[in-house]
Each structure stands twice: as C-alpha cells, then as structure tokens.
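What follows is a set of notes on a single structure, which appears directly below.
Naming: A, B, ... by sequence-line order, numbering from 1 per chain.
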Amino acid sequence: MERILKVITIDIKKKRFLKNLMISLFALTCILFLCFGKGRMVTIPSILLQLISFILLVIYSVSLTQEFENKTDKIIFTGIFSRNEIMVSKLISFIVTSIICFIFYEILSIICNTFNSNIFFNELNVFFLYAFTLGSFILLVSVITPNAILTGIIGYVMYFDLILALLNQALESSRNEMLKCVILNLPFYIANTGFQIGNYTVHQSIIMVGWGILFLASACVIINRKDM
Amino acid sequence: MHKLLKISWLNVKNSVYSKEFLLGIIALFSYSMLWVFLVHPAQYRLEGYDFEFGRFLYVIILYAAVCIIRNDIRFNTIKTIFTGVFSRTEIMISKGIGLIIWGVIFSVIVEINNVLVSCILYEKIGITGFLAFNHLHLFITYIVIAFCMGSFMVLIVSVMFSEKKSILFFIGILSMVNFYTAAITTFIGRRPEIAKNFSTYMKTPFYNTVLLMQGQFNMKSVLINVAWAVVFCILSVFIIKKREIK
C-alpha cells in the first residue's frame, strides 16, 4: 500500500509542479478578463477550455522528455521503482494536472455565471478521459523521440485543428460508410471534439479508455526494451 | 558577407539533414495525400490543396525557425558561436539569411506537392491547372512567410532561451491563430464592409500570412510582413546583444 502511494506521488511531489500550472492559468484568465471585460464574461470559460487543452498538451509533452534532455532518465528508470511504475506515476500526475484545471475551470464558470450542475460529472469524466488518452499518447511519443518540442508538435498535429479539419471534411464529403465508422472511432477525432463541448457519450468513453490503454501498453513495452 | 552566407547555409543544411526534418516532410506529404485520396472535396482546385498543405507547412516553418537558434542552445554550441570571431549582430544576420534560405526550400517543397497533386488528380487539375498557377507569387509568398514568422519565433526564442514549455505553447497558439484566421479572411472576402472592425488585426503579420497562403497575393501584405520581420529581427538582435550567455 505504501509503495502504491509512493508511486502515485513521485511525480506530483516534484518542485514547481503546481506553481507553473497555477501561474499560467491565472495569467491566461487575467488576459481573457482584460480582453473581454465585463460585457462578454460568458464567453470566457469556453475560451479558457480551449486554452486548457493547449496547456495540458505542453505540460504532458515536457514531463517525460525533460528527463531525457536533462539526462535524469538513467536515474529514474534504473532506481528502486520499475519502469512501468514510473510510467504510471507520470500518467497519474497528468490526470492530477487535468483535475486541477477542471477545478479552476469550474470556479471560473461560477464566477462567470455559466455553471451548470447537471453537466458537472460529465465534464469531470471528460477531463479525466482526455488526460488519460492524450497523456498515454504523449508518453508513447516521448519514449520514441526525446525532443520536447517535437513531441508537442506531433501531439498538436494528431489531436488538434489540422487533423480535425481533415477528418471533418472527410465525414462531410465521403459516401463511404466504412470510412465514416473508422473516423468516428478514432481517438484523434473524439478527444478534442468531445472536450470542447464537455461531453463524451458512453460509447466514446469506452473507445477513449481502450485507445488509452493501448498507447500506455505500447509505451511501457518500448521503455522496458530501451537500453539506458 | 561571403562567410556569413556560408554559415547560414551550413546552419540550414544541418537541420535539413536531420531526422526530425525528414519525419516532418514525410508527415507533411502524408497529410497532403490524405486530402487528395481520402477527402478530395468537390469544390477544391489546386489552390485549395495548396492551402491545406500550407497550413501544415506553417507548423514546420515555426519549428524550423525555432531550431535555427535553439539547436545551438540544446547542443551547447551557443557559447562557441556567440563568443567567436563574428560579432553577435553578424551571427544574428546569418540566422536571418538562414530563414530566407528556409523560405526557398519550403517553396520548392510546395511546388513538389503541387506537381504531385496535379499528376494524381490529372482529370480535374492536370498540367493546365498546374501551369495556370502563379508560381512566382507562390515563391515570394513562402519566402516572406518563412522570413516573417521565422523571425518572430527567433525573437521568442531569444527572449525565452531555454524555456521549452513557453516555446511549445507559443508554437501551439500561433498555429491555432493561423488556423482560425482563415475564417476571418474568408469572411472579410465575402463581406468587405466589415473590414473596418478588424482594421488593427489586418495590420498584423498573422492576418497577412493567411491572406498570402490563401493565394490572395498582394504587395501590401508582402510589405507589411517584411516590415514586421525587420522589426522582429532588430528586436532579437538587441535582446541577444544585451543577454549574458552562460
């Protein structure tokens, strides 16, 4: 039990884990308030939600790659914890980051009068699944390429605007039902479209969990085979 | 001057031969081919495919520009180059020339994509569609974009230096801005009377970059972008000169 608790808190206990996140969230909120003022306060939470997805992407991309870039990977991956445990602790820290963003987002919704208690648990579910799937994907990419900025760009290309524009156009213009079915079951399509509206259906949630486990398992396999 | 040109060429050559660039090019062409084979919207001509390709290329341009100065920081050669025989201003000028060389490389890549798209969709576009395309405009467009947005990224890197998180955040946000600005340019194109609401935004390089990428070539946008690029370059030279390089 004590070991599990330790695994969970390895990454969270890191210095400046919370500080950077809170500073960026507060700074962005202040900028948004300055830009929109009191007149259009209702739009602020939805814009912040879009920015949160970027903040999460950046934090995830840097988390594991910084170990490689600072050459601390040898220490953490050959210490008392197994490599799988380290990967899980990274993923847990991603989920904690996401939950902190969620709390911040909900507080902001209350301030801006857009809080809706009916969708509270839906949104919690969305933040949790988003962190799980995107986090495991980023872990997989970071294991393959130790460059933080490149990892972030791959994450951006695969999950954000570019791929969404492509997939949305394909859904509109294609008559092939098989292709549509494949696109609707891709995590790249589901993750951000669901995140922006704050809702995943049960079917989508299962797909997200499935892909997340697949990404995490592949990342663990690769890191276990890697020569340190 | 000859030596500066050589440095900037070597700088760019190193990045071009890197694995990351190769990966980027493969991803870029795969993305373009997905548009051609999977989506092929009925109303799209060569300009449309060119624009979609350009959107992806924009992300690579930003990354290439970041690499031009960040590779020195990553591999710890920053001390060597900024304390060598060249002054810091000269080194920064060589980085600026490097951006223009990148622009030439990127416009060649876009041309290769144009040839590919016209060959694959020979019934719809074909060789006539390819020849009807204004190649000189395309050439100038990508050099200007690489120079302008590249110098903006160089400025950001010279301010942030080794702050990976902020640099990555800026790349993401700039790509997002570029992506959504396309909606504004199309909207203004349809209803020119609302242009006055966006007058400040229309003077920024972000708006003009999208305008150029969409194939709406005009000298005003080119000049605005070049002017911004010069401002960014001067600012980054100023910052690098004042900075203590440890």
Discussion item. For Y31(B) and W35(B), take the angle between the two ring planes, folded into 0 to 90°, and tell me which bin it lands in: parallel under 30, tilted 30 to 60, perpendicular over 60.
Written reply: perpendicular

Fill in: Pairs of heavy atoms under 4.5 Å with chain B: top-ranked of L166(A), I149(A), L150(A)
L166(A)

Worksheet entry | Part of E172(A) within contact of chain B (heavy atom distance under 4.5 Å) | neither

Worksheet item: Using a cut-off of under 4.5 Å for heavy-atom pairs, which of Q50(A), Q169(A), Q66(A) has the most such pairs with chain B?
Response: Q169(A)

Worksheet item: So what's closer than 4.5 Å to chain A heavy atoms on I171(B): side chain, backbone, both or neither?
Response: side chain

Item to complete: For the residue pair I47(A) and F36(A), establish whether any side-chain heavy-atom pair is separated by less than 4.5 Å.
Response: yes

Discussion item. Check this for me, if you would: do D72(B) and K95(B) make a salt bridge, where the nitrogen-to-carboxylate-oxygen distance has to be below 4.0 angstrom?
Written reply: yes

Worksheet item: Which region of N147(A), side chain (C-beta onward) or backbone (N, CA, C, O), has a non-hydrogen atom less than 4.5 Å from a non-hydrogen atom of chain B, or is it both or neither?
Response: side chain

Worksheet entry | Structural part of F179(B) lying under 4.5 Å from a heavy atom of chain A | side chain

Discussion item. If I measure from the heavy atoms of chain B, does I55(A) come under 4.5 Å with its side chain, its backbone, both, or neither?
Written reply: both

Fill in: Top of I167(B), L62(B), L38(B) for chain A proximity - count of heavy-atom pairs under 4.5 angstrom
L38(B)

Item to complete: Measure from NZ or CZ of K226(A) to the centre of the six-membered ring of F68(A), then state whether that distance is under 6.0 Å and the direction lies within 45° of the axis.
Response: yes

Item to complete: Give a yes or no answer on whether the side chain of S30(B) reaches the backbone of I26(B) with a donor-acceptor pair at less than 3.5 Å.
Response: yes

Discussion item. Quick check: do Y207(B) and S221(B) have side-chain heavy atoms less than 4.5 Å from each other?
Written reply: no

Discussion item. Report which part of L171(A) has an atom under 4.5 Å of a heavy atom belonging to chain B: side chain, backbone, both, or neither.
Written reply: neither

Worksheet item: Stepwise, does the side chain to side chain contact (heavy atoms under 4.5 Å, CB included) test hold for F104(A) with I52(A)?
Response: CA-CA 10 Å; F104(A) 190 89; I52(A) 281 177; 5.5 Å; no

Worksheet, complete the sentence: Honestly, the part of L23(B) sitting under 4.5 Å from a heavy atom of chain A is side chain

Response to the item:
The interface call for S166(B) against chain A, heavy-atom contacts under 4.5 Å, is neither

Worksheet entry | For the student: nearest non-hydrogen atoms of R55(B) and A182(B), plus distance | NH2-CB, 3.6 Å

Response to the item:
chain B shares the most heavy-atom pairs under 4.5 Å, among S61(A), A165(A), G155(A), with A165(A)

